[in-house]
There are 2 protein chains.
Amino acid sequence: MKNLIASVKIAITSQLYLKDPESSELGLKIVHKGIDLINSIGFEEFTFRKLGLEIKSPEASIYRYFENKHNFLLYLNAWYWGWMEYRLLIATSNVVSAEKRLEKAVFLMTEGVQNDPNFHGIDLVKLQEIVVAEASKTFLNRRVDKANKVGAYQSYKDFVGNVASIIKEINPTYRYPSMLITTVVEGAHQQRFFAEHLPRLTNKQPKPHYLSKFYMDLVLKTIKSN
Amino acid sequence: MKNLIASVKIAITSQLYLKDPESSELGLKIVHKGIDLINSIGFEEFTFRKLGLEIKSPEASIYRYFENKHNFLLYLNAWYWGWMEYRLLIATSNVVSAEKRLEKAVFLMTEGVQNDPNFHGIDLVKLQEIVVAEASKTFLNRRVDKANKVGAYQSYKDFVGNVASIIKEINPTYRYPSMLITTVVEGAHQQRFFAEHLPRLTNKQPKPHYLSKFYMDLVLKTIKSN
DNA sequence: ACAAATATGATAGTAATACTATTACTTTTG
DNA sequence: CAAAAGTAATAGTATTACTATCATATTTGT
């Protein structure tokens, strides 16, 4: 088997899979084509049977990697936030000004992937679209506490923790950094969805980066005065 | 049949049901017990078969009122926002100061139902819990455009429109009122959920109304300066 | 008061989903 | 080169998300 592991590997708790999908060709195919399929038909319509037809492998083979489609979505979500942590690290290292680092973080949280659209063979544009449209389903259900216990949301928490410490640098007395960050992350996702489907619930602007500007303005005003 | 319609009726597009559930005893039972059941087992686990067992009526009878459980959730959501509009109207009428009206609106959007817990026989505390935990599923799916066309989100849009016009009164040049409001509404829902299940993603405080204070502060700072 | 319309109950049936199980074949590896 | 591990092929099950049919009960208009 050729080496499938590149220099940077996104670490994901082994509790989310039965067998590491990055350890075999079939596993990688499941992830890559799974992203394509969820992106094209949506998570509700997505089944392992359909994915099996796509990759020309039986449904049962996919079940050897993931217990069910919910865990597959948890896996993709964890991978996404692991990758976001990595991007945050790169974007902020060697930047002295905390405010500049915060700006980079907000940009990452609110804007779509642009360059670097492929990493470890994963289509990052599609993966991000999945996270925007489906990620809230990873926690808005009765399995959330169990999933949390096995570390399903660890990389998301770490990301939020990292941005929170930037805010603490800027204003050490500010009491709600995590609340503010998750409001921005989930808010930005919703606004992007609304802009496409329910425009009256948002205020789409023609100018580039209006979303990150809106949220950056909101964050700075909120944490600075008082 | 006795009169089931009280003085104020929440108007809901007839496209969301096959037969108006407020027009019969069975219909009301479906709605009341349906709220109880979704609240207790979650929307994924909820089926019309289970609800049928609860109300001792066959599954098929429920299908005469709602095409499927997704439309049932849309109906509950529409009802909730219709009721919120009504609450907003009551809370803001005869209040001269726009800022005071905005404060009341933010309070409604971010705090849990407290008094008035029963309206038309509907358990509003449970209904609100359902909206917090499940409402995003009403639009985060492939049927959103179809549902939007038949007016499923009308009362939510109206509510947002009403609050937006208060913001416009305070700052007529502010460009993102709807974006700001939906960020607050969806954000507050998420924070309440996080406080219970993923505490590291929020900053829960022991003091009362910390959520509405956080969001009121955020809104005022955002719309005022500049 | 009574026929017609309407609402509900009882029951059955179907296609698809979300899995589990078994056995056979094919690679990889020590 | 044999044992172990991975994959394919196939079949089977319980549940879900409906649809259909027919009998019975209730309401309604005249």
Side-chain angles (χ1 to χ4, degrees), chain A residues 1-5 14 16-34 37-38 41-75 134 137-138 141-143 146-147, chain B residues 1-5 14 16-34 37-38 41-75 134 137-138 141-143 146-147:
Chain A
M1 197 213 312
K2 66 170 178 245
N3 182 19
L4 299 159
I5 296 148
S14 65
L16 292 183
Y17 49 76
L18 299 170
K19 200 183 149 174
D20 186 356
E22 293 198 61
S23 73
S24 77
E25 295 288 354
L26 180 62
L28 291 173
K29 241 160 87 179
I30 290 169
V31 172
H32 297 162
K33 291 281 181 181
L37 190 55
I38 293 176
I41 65 176
F43 187 64
E44 337 268 79
E45 291 299 309
F46 170 80
T47 68
F48 281 174
R49 205 172 117 63
K50 289 176 187 167
L51 179 54
L53 291 171
E54 282 292 319
I55 64 176
K56 291 173 179 64
S57 280
E59 198 185 0
S61 294
I62 303 170
Y63 277 103
R64 275 196 230 100
Y65 285 84
F66 296 99
E67 248 184 274
N68 49 55
K69 72 172 186 169
H70 182 249
N71 276 23
F72 184 55
L73 188 61
L74 284 173
Y75 177 87
E134 322 280 7
K137 293 166 195 166
T138 63
N141 60 60
R142 304 279 148 153
R143 324 184 209 194
K146 220 171 142 194
Chain B
M1 200 213 314
K2 68 171 175 239
N3 182 19
L4 299 160
I5 296 148
S14 64
L16 292 184
Y17 49 77
L18 299 169
K19 200 180 147 175
D20 186 356
E22 293 198 60
S23 72
S24 76
E25 295 286 355
L26 180 62
L28 290 173
K29 240 159 87 180
I30 290 169
V31 171
H32 297 163
K33 293 280 181 180
L37 190 55
I38 293 176
I41 64 176
F43 187 64
E44 336 268 78
E45 291 300 309
F46 171 81
T47 66
F48 280 175
R49 205 173 117 64
K50 289 175 187 168
L51 179 55
L53 290 171
E54 282 293 319
I55 64 176
K56 290 171 177 65
S57 281
E59 197 185 1
S61 294
I62 302 170
Y63 278 103
R64 281 197 211 98
Y65 285 84
F66 295 100
E67 248 184 274
N68 49 56
K69 73 172 186 171
H70 183 249
N71 277 23
F72 184 54
L73 188 62
L74 285 173
Y75 176 87
E134 322 280 7
K137 294 167 195 166
T138 63
N141 59 61
R142 304 281 149 152
R143 324 185 207 193
K146 219 171 143 195

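Note that the coordinates shown come from a computational prediction; the quantities given were computed from them, not determined experimentally. FYI, side chains are in, hydrogens and waters are out, and symmetry mates aren't considered; it's all heavy atoms of this structure. Chain A is the first sequence line, chain B the second, and so forth, proteins listed ahead of strands; every chain is numbered from 1.
- In this structure, the nucleotide among D:dG6, C:dA18, D:dA17 sitting nearest to the side chain of A:Y65 is D:dG6.
- Remark: B:S24 is in phosphate contact with C:dT8, judged by side-chain N or O atoms under 4.0 Å from OP1 or OP2.
- If you take CD of B:E45 and C1' of D:dT15, they are 11 Å apart, rounded to a whole angstrom.
- Annotation: of the two residues near DNA chain D, A:K56 and B:R49, the 5′-most nearest-nucleotide partner is A:K56.
- More than 12 heavy atoms of other shown residues, nucleotides or ligands fall within 6.0 angstrom of atom CZ in B:R142.
- Summarising the geometry, the separation between CZ on A:F43 and P on C:dT17 is reported as 14 Å, rounded to the nearest angstrom.
- Enclosure of atom NZ in B:K33 is not indicated, since only 12 or fewer non-hydrogen atoms of other residues, nucleotides or ligands lie within 6.0 angstrom.
- Across the protein-nucleic acid pair, A:I55 atom CD1 and D:dG6 atom C1' stand 14 Å apart, rounded to whole Å.
- Between the NZ atom of A:K29 and the P atom of D:dA8 there is a distance of 7 Å, given to the nearest Å.
- Taking the six-membered ring where the residue is Trp, A:F46 and A:F43 present parallel rings, their angle staying beneath 30° rather than reaching 60°.
- Rounded to whole Å, atom P of C:dG9 lies 13 Å from atom CG of B:L53.
- Taking 4.0 angstrom as the limit, B:K19 places a side-chain polar atom (N or O) nearer than this to OP1 or OP2 of C:dT8.
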* Check step by step if side chain to side chain contact (heavy atoms under 4.5 Å, CB included) holds for B:F72 and B:I62. => CA-CA 10 Å; B:F72 184 54; B:I62 302 170; over 6 Å; no
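- Residue-to-nucleotide contacts include no donor-acceptor pair under 3.5 Å from the side chain of B:E67 to the base of D:dC18.
- Separating the CG atom of B:L51 from the P atom of C:dT8 is a distance of 14 Å, rounded to the nearest angstrom.
- As rounded to whole Å, 16 Å separates atom C1' of C:dA16 from atom CZ of A:F48.
- Contact check, A:S61 against D:dA8: a side-chain N or O comes under 4.0 Å of OP1 or OP2.
- When distances run from any side-chain atom of B:R64 to the nucleotides D:dA8, C:dG9, C:dA18, the shortest one goes to C:dG9.
- For B:S57 and C:dG9, the shortest distance from a side-chain N or O to OP1 or OP2 is below 4.0 Å.
- For the pair B:E59 CD and D:dC18 P, the computed distance is 10 Å after rounding to whole Å.
- Looking at the side chain of A:A60, the nearest of the listed nucleotides C:dT17, C:dA18, C:dA21 is C:dA21.
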* To do: Would you sort out whether A:L74 and A:R143 count as a side chain to side chain contact (heavy atoms under 4.5 Å, CB included), showing the intermediate values?
  => CA-CA 11 Å; A:L74 284 173; A:R143 324 184 209 194; over 6 Å; no
